[in-house]
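Chain naming here is simple, since letters A, B, ... match the order of the sequence lines and numbering starts at 1 in each.
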Amino acid sequence: MLQFFPTKSALKLKNLLCRFFMGLFLIFRVFRAEQKFADHMKEKNQASSEFAKKKTLLEQRQYLPIFAVRQQLLNIIRDNNIVIVVGETGSGKTTQLTQYLHEDGYTSYGMVGCTQPRRVAAMSVAKRVSEEMNSNLGEEVGYAIRFEDCTSEKTVIKYMTDGILLRESLRESDLDHYSAVIMDEAHERSLNTDVLFGLMMKDKRSDLKLIVTSATMDSDKFAAFFGNVPIFHIPGRTFPVDILFSKVPQEDYVEAAVKQALQIHLSGMVGDILIFMPGQEDIEIVERLEDLENAPSLAVLPIYSQLPSDLQAKIFQKAPDGVRKCIVATNIAETSLTVDGIMFVVDAGYCKLKVFNPRIGMDALQIYPISQANANQRAGRAGRTGPGQCFRLYTQSAFKNEMLTTTIPEIQRTNLANVVLLLKSLGVQDLLLFHFMDPPPEDNMLNSMYQLWILGALDNTGSLTPTGRLMVEFPLDPALSKMLIVSCDMGCSADILIIVSMLSVPSIFYRPKVPSIHCDQVREKFSVPESDHLTYLNVYLQWKNNNYSSIWCNDHFIHTKAMRKVREVRSQLKDIMVQQKMNLVSCGSDWDVIRKCICAAYFHQAAKLKGIGEYVNVRTGMPCHLHPTSALFGMGYTPDYIIYHELVMTTKEYMQCVTAVDGEWLAELGPMFYSIKHAGKSRQVSSVPPEFHNQHL
DNA sequence: GAGCACTGC
């Protein structure tokens with residue numbers, strides 16, 4: 001790095017230059033107006049500073065490991081339509097590959113597209129590359145993420161999230177605008193990446209170059225999937241990390257992690273510590289590390305996605321001199337954010353995963369051992385600024401014999417209703433024959449098709465109905481799209497639009513670590529006793545009445561960031577509704593209409609009261625519980641029938657976001673499920689035998 | 001009377 005000190009000779013030089021420019025100034029003044037001169041100097045200064053910047057950027061580019069193999073890489077891409085690139089951390093693949101293809105002429109007949117699994121990555125990489133190419137962001141180099149299209153007609157290099165490319169392929173299936181597509185970080189195997197993989201194999205243009213980047217572990221599998229295509233290896237530039245395994249299995253990983261961190265801290269070695277924990281709860285326990293009096297000058301900083309952003313920012317701030325940072329993180333720190341200065345990683349070896357069970361239509365959020373790939377990624381976090389150490393709180397044999405090499409891809413453990421709808425709209429006839437790299441369980445596919453049939457998106461032959469076609473337009477789960485579509489006929493679309501937007505954003509309510517009665521009292525002000533959905537509507541309307549104020553949010557224990565996102569989602573959905581000529585009307589204060597509309601899209605997720613505060617699933621008979629955050633919880637108001645938005649298994653089977661409905665609505669709106677049984681005076685809704693359902697699969 | 005890893009359109 002260059003440093004400038006105002007020495008004597010430098011001051012002399014400055015004086016000389018000043019005189020020189022003063023002289024110039026006087027001469028110019030004779031011929032030109034002052035303003036013109038100023039403009040000229042401005043331009044000149046800009047040009048020279050840009051030259052300096054360009055030079056250093058060019059030098060930086062040439063210093064990257066990928067530069068040494070540039071020509072080889074371009075040759076192999078020229079000779080093959082699909083190439084797997086293994087690019088280690090720090091190789092420069094993400095910023096350079098696109099530019100090399102541009103320099104090699106690929107942008108003369110189409111764009112070079114590059115997908116990223118995360119929005120921030122797409123934005124920041126595009127910014128960097130536009131600087132390296134000496135152009136303004138959004139011109140030659142641009143990016144596109146949800147809610148933000150920063151590209152123009154000039155754009156030749158386009159970074160985007162994988163979801164954007166997937167949506168684009170809906171509109172033009174052969175990706176005509178592109179001459180080359182790079183799917184970066186494909187080893188993360190996001191749902192969108194996996195669907196794109198299959199589509200790329202289905203009917204790929206013969207002149208489209210596809211470059212898939214992967215980690216070493218998956219490269220052979222990737223190459224085989226795409227038809228034994230070549231693998232190209234780019235070395236990385238990171239520092240070595242010593243890996244130390246636990247000699248014996250640890251019973252309590254929280255305690256073990258705290259002990260290990262303390263040992264590092266007291267050993268006198270310099271550098272910050274990063275501890276990986278599975279969830280928020282464990283992180284809060286580890287924080288008590290700070291209380292240990294014998295640990296001087298240690299700053300314990302938690303980080304997880306639900307943490308308010310001002311507290312999140314703390315991990316990036318420099319600690320005071322002599323203070324060591326000890327960051328306690330979920331797997332958010334594995335890929336999503338990078339902290340410099342980490343020399344030690346303490347890895348508990350667990351993470352939380354959401355796994356979908358199609359048989360009962362329920363997600364289970366559970367703690368699982370991480371995979372070897374995760375473990376290596378975590379260890380790598382210690383080697384970014386210098387040589388590091390990674391302490392694994394599990395044995396070497398556990399690593400080798402008990403951990404999977406890679407994590408089970410999302411497509412095999414998630415509800416596929418959305419994927420099925422998307423593929424159907426792309427004209428994929430038999431989904432079970434679709435070319436997935438790792439096919440999802442058949443049960444899962446059939447269940448999703450069944451759910452789409454219930455919602456009227458698929459007909460009895462399994463083809464897309466007009467309703468289904470309309471549902472594809474919305475970036476929503478099928479039941480939510482359905483609710484929006486139905487609401488137009490029921491005259492409450494403006495209200496449902498808000499509810500759908502609220503449901504598309506996680507965690508609206510903020511609960512402080514030390515729970516206060518005040519917080520609960522404030523919350524009760526919004527509560528609509530018969531419905532969480534209506535409670536959400538209420539919150540949004542009140543926020544709107546308070547001019548979308550963030551102070552109002554803070555005063556009412558509501559996440560401002562989440563509410564802003566709700567507003568964005570609402571506006572995007574509204575645009576689609578207008579475009580699809582769907583009418584936007586509010587039913588005002590007639591909230592029964594809204595409840596009925598919710599019922600029309602969620603009748604398949606209903607529960608019946610059985611005992612005090614106990615519910616059973618109407619279809620499966622499985623006991624389900626109201627979640628304690630529900631407006632209906634412990635209110636003494638227990639309706640006979642409710643529908644739920646989501647069923648999640650944590651410590652119990654919990655229904656999240658519920659609304660009271662009339663039993664008769666269920667029979668009326670979901671006749672394929674329910675019939676009214678007349679038993680004396682009272683009428684009961686009963687489930688239609690399941691054999692009936694199977695006729696349609 | 002519970003507690004929610006992370007993404008994305």
Sugar-phosphate only, base, or nothing, as touched by A:Leu166 at under 4.0 Å among non-hydrogen atoms: nothing
Given B:dA5, B:dA2, B:dC9, the nucleotide with the shortest approach to the side chain of A:Arg413: B:dA5
Sugar-phosphate only, base, or nothing, as touched by A:Thr335 at under 4.0 Å among non-hydrogen atoms: nothing
Sorted by number, the residues of residues 360-371 of chain A with heavy-atom contact under 4.0 Å to DNA chain B: A:Leu365
Sugar-phosphate, base or nothing in reach of A:Ser190, heavy atoms under 4.0 Å: nothing
Those residues that, when tested against A:Ser501, pass side chain to side chain contact (heavy atoms under 4.5 Å, CB included) (two or more places apart): A:Leu497, A:Val566, A:Val569, A:Arg570, A:Leu573
Touch class at under 4.0 angstrom, heavy-atom based, for A:Phe147 against every strand present: nothing
Sugar-phosphate, base or nothing in reach of A:Gln572, heavy atoms under 4.0 Å: nothing
Pair assignment for DNA chain B - dot-bracket with | for other-strand partners, Watson-Crick or G-U under 3.5 Å: .........
Residues that A:Asp532 engages under side chain to side chain contact (heavy atoms under 4.5 Å, CB included), provided they are two or more places apart: A:Ser630, A:Ala631, A:Cys657, A:Val658
Pair listing, salt bridge (Lys or Arg N to Asp or Glu O under 4.0 Å) test, anchored in residues 181-192 of chain A, at least two apart: A:Lys93-A:Asp184, A:Lys93-A:Glu185, A:Arg118-A:Glu188, A:Arg189-A:Asp194, A:Arg189-A:Asp438
Aromatic ring proximity A:His556/A:Phe526, centre distance under 6.0 Å: yes
Non-neighbouring partners of A:Gln366 that pass side-chain hydrogen bond (donor to acceptor under 3.5 Å, both in side chains), sequence neighbours left out: A:Tyr368
By side-chain hydrogen bond (donor to acceptor under 3.5 Å, both in side chains) - contacts of A:Arg413 (at least two apart): none
Where at least one partner belongs to residues 362-371 of chain A, residue pairs that pass salt bridge (Lys or Arg N to Asp or Glu O under 4.0 Å), sequence neighbours excluded: none
Touch class at under 4.0 angstrom, heavy-atom based, for A:His625 against every strand present: nothing
Touch class at under 4.0 angstrom, heavy-atom based, for A:Leu191 against every strand present: nothing
Set of side-chain hydrogen bond (donor to acceptor under 3.5 Å, both in side chains) partners for A:Glu168, sequence neighbours left out: A:Lys158, A:Tyr178
Closest to side chain of A:Pro475, choosing from B:dC4, B:dG1, B:dC9: B:dC9
